[in-house]
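In what follows, a structure is listed as C-alpha cells, so that the remarks can point back to it.
Heavy-atom basis, side chains included; hydrogens, waters and symmetry copies ignored. Everything quoted here is computed from the prediction, not taken from an experiment.
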Amino acid sequence: EYFAEMPWLAIPFDDRKRKEALSAHFEVEGIPTLVIIDPEGNVVTTNGRMALGADPEGNDFPWVPKPCNELTGASGSSLNDSAVLIAFTSGEDSDVAAAKAVLEPIADAEAAAAKAAGDDPVFFMYTANDDMIDMVRDFAKLKDVAPQLVILDIPNQAKYVAKEHNLTSENVSQFLADFKAGKLNE
C-alpha cells in the first residue's frame, strides 16, 4: 500500500528479513520511513520523508537537519527526537525576524560544539503563524504569551520555561547554558 505512494526506491513488503534488519539498525518506529545516509553510510537524517515533503524539488538535498527552524506542522515531528529550545513569538513579521536573527548564530554554534564533542545538539525553533504552535502549547501546557522561551525535551519527558523571556542573545545563551549544566527546574 505505501510502496505505491512513495517516490523513492523501497524494500518490497515481502522482504521481511531485510526490512527487520534495517528497521532495527535505523531504529525505525513507523512506516513509511525515509532515512537519508551519506556515501560513507552515516545517517544524515531519519526524517527524510518530512524533508522531502517540505522540499519536493530537492533544493536542500541531502536535507542535513538545520540547527534552527520555524515550528510548523512539517517540522514539529522533530520535537520527538531531541531537546529543542523554542522561542514563541507574537507571529508578527518583525518579531519572527528578530527571533530568527537571535537564535540562528546560537544554534549554529551549538551544532558545531555538539558535533566536535560527539554529543547530540539542542535544536532551536521559532514560531510564526502555524496551527502546530497551539498544538505544542496545549501539549506542553504553556501559557499563550509572547515572547516566551521554552526547552522541550520530549525524549526525557521534560519541559523547562525560562524565567526571563526577552529574546536577546545573552538571555537565550544563558538559558541554553543552564539547561546543559542541569541547572533548570521543570
Side-chain angles (χ1 to χ4, degrees), residues 34 36 44-115 119-180 183-186:
L34 177 61
I36 306 294
V44 173
T45 182
T46 57
N47 290 320
R49 186 167 183 238
M50 178 190 71
L52 179 63
D55 180 27
E57 283 76 38
N59 295 325
D60 293 328
F61 182 80
W63 303 300
V64 175
K66 296 176 185 172
C68 185
N69 295 286
E70 180 182 341
L71 175 59
T72 65
S75 67
S77 66
S78 63
L79 292 172
N80 296 320
D81 299 334
S82 64
V84 180
L85 187 151
I86 306 171
F88 289 90
T89 74
S90 68
E92 297 293 325
D93 290 344
S94 60
D95 288 346
V96 173
K100 190 175 176 184
V102 167
L103 294 180
E104 283 184 335
I106 300 168
D108 290 343
E110 163 64 11
K115 183 176 182 178
D119 293 334
D120 291 330
V122 173
F123 286 95
F124 290 68
M125 291 186 166
Y126 55 91
T127 64
N129 292 303
D130 192 275
D131 292 339
M132 178 59 82
I133 298 164
D134 289 333
M135 293 170 65
V136 170
R137 282 189 192 277
D138 290 346
F139 169 78
K141 297 182 172 90
L142 297 170
K143 295 179 181 176
D144 189 4
V145 297
Q148 184 176 43
L149 286 174
V150 175
I151 294 176
L152 291 182
D153 189 0
I154 292 175
N156 293 308
Q157 300 179 351
K159 167 188 80 176
Y160 306 94
V161 179
K163 291 179 182 171
E164 178 59 52
H165 295 292
N166 290 330
L167 295 179
T168 64
S169 295
E170 296 78 19
N171 192 39
V172 173
S173 294
Q174 188 63 56
F175 186 44
L176 175 64
D178 289 348
F179 169 73
K180 293 178 77 172
K183 294 180 178 178
L184 300 177
N185 295 317
E186 292 182 53

(request) For Ile106 and Ser173, run side-chain contact (heavy atoms from CB on, under 4.5 Å): C-alpha distance rounded to whole Å, both residues' side-chain angles, the deciding distance at 0.1 Å, then the answer. (result) CA-CA 7 Å; Ile106 300 168; Ser173 294; 3.5 Å; yes
(message) Any heavy-atom pair between the side chains of Phe175 and Ile151 that's under 4.5 Å?
(response) yes
(request) For residues Phe61 and Leu52, determine if any side-chain heavy atom of one lies less than 4.5 Å from a side-chain heavy atom of the other. (result)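 No, side chains not in contact.
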Can you confirm whether [X] is buried at [atom1], in the sense that more than 12 heavy atoms of other residues, nucleotides or ligands lie under 6.0 Å from that atom?
X	atom1	value
Glu186	CD	yes
Asp93	CG	no
Asp108	CG	yes

Nearest 0.5 Å please: distance from the [atom1] atom of [X] over to the [atom2] atom of [Y].
X	Y	atom1	atom2	result
Leu142	Asp134	CG	CG	11.0 Å
Leu85	Phe179	CG	CZ	9.0 Å
Leu149	Phe88	CG	CZ	9.5 Å
Lys143	His165	NZ	NE2	8.5 Å
Asp120	Lys115	CG	NZ	13.5 Å
Leu34	Thr46	CG	OG1	10.0 Å

Main chain of [Y], side chain of [X]: is a donor-acceptor contact present, judged purely on distance under 3.5 Å?
X	Y	result
Thr127	Thr89	yes
Thr45	Val64	no
Asp130	Gly73	yes
Asp178	Leu184	no
Asn171	Glu164	yes
Arg137	Met132	no

(message) Is there a side-chain contact (heavy atoms from CB on, under 4.5 Å) between Val150 and Tyr160? Walk through the geometry before answering.
(response) CA-CA 6 Å; Val150 175; Tyr160 306 94; over 6 Å; no
(message) I'd like to know if Asp153 pairs up with Lys159 as an ion pair, taking the criterion as any Lys NZ or Arg NE/NH1/NH2 lying under 4.0 Å from an Asp or Glu carboxylate oxygen.
(response)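 Looking at Lys159 together with Asp153, the answer is no, because their closest N to O distance does not fall below 4.0 Å.
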For the residue pair [X] and [Y], what are the closest heavy atoms and their distance?
X	Y	answer
Pro155	Ser82	CG-N, 3.6 Å
Ala107	Pro67	O-CB, 3.5 Å
Leu103	Ala87	CD1-CB, 3.7 Å
Leu167	Ala99	CD1-CB, 3.8 Å

(request) Apply side-chain contact (heavy atoms from CB on, under 4.5 Å) to the pair Cys68 and Tyr126, showing each step before the final yes or no. (result) CA-CA 8 Å; Cys68 185; Tyr126 55 91; 3.8 Å; yes
(request) Show your working on side-chain contact (heavy atoms from CB on, under 4.5 Å) between Ile86 and Phe124 and close with a plain yes or no. (result) CA-CA 6 Å; Ile86 306 171; Phe124 290 68; over 6 Å; no
(message) If the condition is salt bridge (charged side-chain N to carboxylate O under 4.0 Å, His left out), which residues does Lys180 pass it with, not counting sequence neighbours?
(response) Glu110
(request) Just grab all the side chain to side chain donor-acceptor pair (under 3.5 Å) pairs involving residues 64-76, residues at least two apart or on different chains. (result)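 Qualifying pairs: Thr72-Ser75.
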(request) Examine the side chains of Asn59 and Glu57 and answer whether a donor and an acceptor come within less than 3.5 Å of each other. (result)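 Per modelled atom types, Asn59 and Glu57 side chains form no pair under 3.5 Å.
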